[in-house]
Amino acid sequence: QVQLVESGGGLVQPGGSLRLSCAASGFTLDYYAIGWFRQAPGKEREGVSCISSSGGNTYYADSVKGRFTISRDNAKNTVYLQMNSLKPEDTAVYYCAADESMSPFTIATLYADFGSWGQGTQVTVSS
C-alpha cells in the first residue's frame with residue numbers, strides 16, 4: 001500500500017525556519033516525482049515546489065522562491081522541504097504528493113494532479 005507521511009510542521013515566528021519531511025512506505029520513491037503543496041483556510045490548494053525523480057530538476061512557486069528548498073534522499077525514501085524566512089502568509093496545511101508519470105517534468109508539474117497524497121502537516125507562522 002502506497003503511503004506518504006508528512007512531518008515537521010508546527011508553530012514558528014516570522015523569519016523562522018522549519019524542515020518538512022515526506023516519508024514514503026510501501027513503494028520506492030526513486031522513480032517518482034514529488035510535489036509539495038499547501039492549502040490555507042478559505043483558499044485553493046497551490047503548488048509550492050516539485051522535484052524530479054532523479055533530483056536533478058526542481059521548480060518553485062514565485063511566492064517561495066529563494067526561501068524554500070526541496071531535496072530528496074532516495075536512500076532514506078524521504079523528500080524534504082526546507083523553509084526559511086517564513087512569513088505569516090506561509091501558514092497552511094502542507095501536503096506532499098508522488099507520481100511516477102510526470103513526464104515531461106516542467107514548471108507545469110506544480111499544477112499537475114499527482115496520484116498519491118499524504119495527510120498533511122500544519123505550518124503556522126505567527127508571533
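The figures here come from the full heavy-atom set of this structure, side chains too, leaving out hydrogens, waters and symmetry mates. One-based numbering along the sequence shown.
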Is there a side-chain contact between Asp90 and Met83 (heavy atoms, below 4.5 Å)? no
If you round to the nearest 0.5 Å, how far is CD1 of Ile107 from CG of Asp62? 7.5 Å
How would you list all residue pairs meeting side chain to side chain donor-acceptor pair (under 3.5 Å) that involve residues 104-118, not counting sequence neighbours? none
Does any part of the side chain of Phe105, heavy atoms only, come nearer than 4.5 Å to the side chain of Cys50, both counted from C-beta? yes
From the options Val93, Leu18, Leu81, select the one residue that forms a side chain to side chain contact (heavy atoms under 4.5 Å, CB included) with Val123. Leu18
Test side chain to side chain donor-acceptor pair (under 3.5 Å) applied to Tyr94 and Glu6, Arg38, Gln39, the passing residue: Arg38
Nearest 0.5 angstrom please: Tyr31 OH to Ser52 OG, how far? 14.0 Å
Test your reading of the model: is there a side-chain donor-acceptor pair from Ser53 to the backbone of Ala33, 3.5 Å cut-off? no
Could you tell me if the side chain of Phe114 sits less than 4.5 Å from the side chain of Phe37, heavy atoms only? yes
Residues in disulfide (SG to SG under 2.5 Å) with Cys96, at least two apart? Cys22
Less than 4.5 Å apart, side chain to side chain, heavy atoms only: is that true for Leu4 and Tyr95? no
Is Arg72 reaching over with its side chain to a backbone N or O of Gly55, donor-acceptor style, under 3.5 angstrom? no
Exam field: side chain Asn74 to backbone Ser54, donor-acceptor pair closer than 3.5 Å: no
Working to the nearest 0.5 Å, report the span between CG of Leu86 and CZ of Arg67. 6.5 Å
Could you tell me whether the side chain of Ser21 reaches within less than 4.5 Å of the side chain of Tyr80, counting heavy atoms only? yes
Side chains of Thr91 and Gln122 in contact at under 4.5 Å (non-hydrogen atoms): yes
Glu100: partners by salt bridge (Lys or Arg N to Asp or Glu O under 4.0 Å), with sequence neighbours left out: none
Tyr60 reachable from Val48 in the ILVMFWY side-chain graph, under 4.5 Å edges: yes
Side chains of Trp36 and Ile51: closer than 4.5 Å at any heavy-atom pair? no
For a quick test of reading the model, state the closest non-hydrogen atom pair linking Ala40 to Ala92 and the distance between them. N-CB, 3.8 Å
Got a second to check how far Thr78's OG1 is from Leu20's CG, nearest 0.5 Å? 12.5 Å
Measuring only between side-chain heavy atoms, which start at C-beta, is Ser126 closer than 4.5 Å to Leu11? yes
